[in-house]
Every structure is written in C-alpha cells, then in structure tokens.
Amino acid sequence: MSDRFATMKQEILDGIEKHAASRAEAFELRKQFLDSKIGKISQMMKEMKNIAPEERAGFGKGVNELKEWAQQRFAELDEKMKARELKMRYEKEKIDVTMPAVEESCGNLHPITQMRNQIIDVFAGMGFEVFENREIENDYYNFTALNTPKDHPARDMQDTFYLSPEFLLATQTSAAQIHTMENKKPPIKILCPGKVFRSDDDATHSPMFHQMEGLVVDEKITLCDLKGMLDVFVQKIYGEGTTTRLRPSYFPFTEPSVEVDVSCFECGGKGCKLCKGTGWIEILGAGIVNKKVLENCGIDSEKYSGLAFGIGLERATMLKYGINNIKLLFESDLRVLKQINDN
Ligand code: DAH
C-alpha cells in the first residue's frame, strides 16, 4: 500500500518538475490530484469501502497524509510560480529612469498668423468686427470704386496680376471697404485681414503678402480718432511708450491721406540702424475716407465720415522680430519659425 502512496508522490513530483511552467499549468496539475471529484487522491479515498476493515484505518491515515503532503507541495509550487511571474513582469516592465525622455515637440503658429491674431485682438478690444477679405476681385472693387478709375496714375502704384480684363488678384485689402459699405449701414467698425498679390519680388517684397484693412464710418469721425486708435495699436504690438506720427501722403481713396510712422521701439527714438537714424519707422498707410468713396457706396458724405488704414502684416512682423528678408517668412524653415512664439 505504501508503495502506491510513494508512487503517487513521485508522480506529483515528476508532474511539478515537467509540466508546471506557469500558475495556470500548476493549477491544472493540482486538479489532477486534489480536485474533490476527479482528483487521483480523492478517487483513492473512494476506494476505502473496498479495503479490508482491518486495513482501513491505516489506509485512511495514509491517504490523508498523502493529501496533506500534496497540498503542501502545490502550495509551495504556487508560491514559486507567483514569484516567478512577478519577476517576469518586473523584467518586462522595467523602466530605465536614466534613459533620455522621448522628445515631444509642439508646433507654434506662423509669425504672420501670430501678428494677424495680435492685431485682431487689439482692434477687437476697441469694438471692431472681423471679415476675411476676398482673393479675387473685379476691377470695380479693387480700383474704380476706390476712386481709382482706369487711366488713373495711382494704378501704377500696384503691379496687378490680371486674370481677365475684368478680374484680377486683389492688390490691396481696401476693396473690403467697398464690400462692407455696400452691405452695412453706419456705424461701421471693421477689420479685414487678407492675402494680396502684386508683381513685386525682392528682399522686402513678395508677390503674395498679407494686409489688414481697417474701416470706421460714423458721424464726426476725424483724424484724431485715427491717431488715437493707431496709438493704442502700436503700444500693444511694439510696446508701451511707442507712439505714432502722421505724415501727409497720397492715396486715391482717402483725403487727407497719411503715412503713419511708429517711434523707433529699438532705440526709443534716438536713432539707430533699424530706423535709419531718424527715430521713426514707416508702418502703414491711412486717411480719412474720400467722400467720393462713401458716395460710391450710397453713404451720405454730409452726415457721415470715415477713417481707413491698411497694415502690411509681413512688414509689421519683420519689424517686430528683427527679420531682414521677407523670404524667411515664406520658406517654412522650422529653425526660423520656432524662434517666434508669442501666442
Ligand atoms: N491699400 C493701400 C496699399 O495697399 C494701403 C492703405 C493706405 C489702406 C491708406 C488704407 C488707407 O485703408 O487708408 O498700399
């Protein structure tokens, strides 16, 4: 009888040695011997009734001892498997804290877009609405309605890309003034960013560039309103303490027309390379809306007056960030673009 017990023990030890490679396998092996229904040791118990009465007590004791012994072996096995699996998990999930982190790079908006957003923020704060400009215009909106008829010499100021005798690529965002005044009654306060196109290409000009048109039409609008708004604008964009200076100029759609300079934010007005020693930097064109333009749009020029300005975004950006070649804004070189991140 004790042979049977010894054989079963050996069977268990062999099983443990050969088949238990994981906790799940160990569990299955345990079932083969210790399961209350199908387990080999439980089956042995059931043989009790066939054993001669005088041997029963010894047999029962032997089976119980075998059962206890097997339970212990399987408990040890389970512990061993648990430890092994934990170790394997640690190995697999090992983190090398000295490893350099994976570099996460976060993009930023293009400098022109940043400048556009900054300017919109400033004027939105003064109550301006924003409308996107059109890229294709007809002759009437781009020139004629802006008091620049066909043979007007001011047409030579802008080298135009014509698409047909009537249609062209917008040379200026000023056409937005006409679209707005045709569709809106005063008071008007709008800002129109847009792409514009001219046959022009050198270190400070690109055939496509961006402008931002501003237009205010209301009763009693004067150059003082223009100066006040532009002073706020330059202070917000170029820093506290900057101011503007208006110089007489000419644009067909404004009368009077002005060229607006900003006090040099590099040298504070003393004179430096950026302002070419003058203390002032030309920044935009502006003026009081020509009465003829108001009338072209059916607005009573006796009752209403307007101011308008046009900002070149590339120029405004180049000045602010010290960029000396406009091409840097069009080449998409990340080494350049990454350096400018204000929003
Ligand atoms: N449209 C002009 C240009 O492209 C800029 C300009 C000047 C716009 C005076 C204006 C203005 O609204 O009043 O050169």
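Both counts, for ligands and for their atoms, begin at 1 and track the order of listing.
The local environment of CD in E259 is crowded, with over 12 non-hydrogen atoms from other residues, nucleotides or ligands closer than 6.0 Å.
Put simply, I38 and F74 are part of two different groups of oily side chains (I, L, V, M, F, W, Y) that touch within less than 4.5 Å, one to the next.
With side-chain heavy atoms closer than 4.5 Å counting as contact, directly or through intermediates, the hydrophobic cluster containing F209 also holds V196.
A side-chain donor-acceptor contact under 3.5 Å links N142 to the backbone of T171.
Between K150 and D139 there is a salt bridge, with a side-chain nitrogen of the basic residue lying less than 4.0 Å from a carboxylate oxygen of the acidic one.
Between atom SG of residue C297 and atom CD1 of residue I178 there is a gap of 4.0 Å, rounded to the nearest 0.5 Å.
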Does ligand 1 have any N/O pairs with the protein under 3.5 Å, and how far apart?
residue  : atom   : partner : partner atom : Å
ligand 1 : 1 (N)  : Q172    : OE1          : 2.8
ligand 1 : 1 (N)  : S174    : OG           : 2.9
ligand 1 : 4 (O)  : R198    : NH2          : 2.6
ligand 1 : 4 (O)  : Q211    : NE2          : 2.9
ligand 1 : 12 (O) : Q177    : NE2          : 3.2
ligand 1 : 12 (O) : E213    : OE2          : 2.6
ligand 1 : 12 (O) : F309    : N            : 3.3
ligand 1 : 12 (O) : F309    : O            : 3.4
ligand 1 : 13 (O) : A308    : O            : 3.2

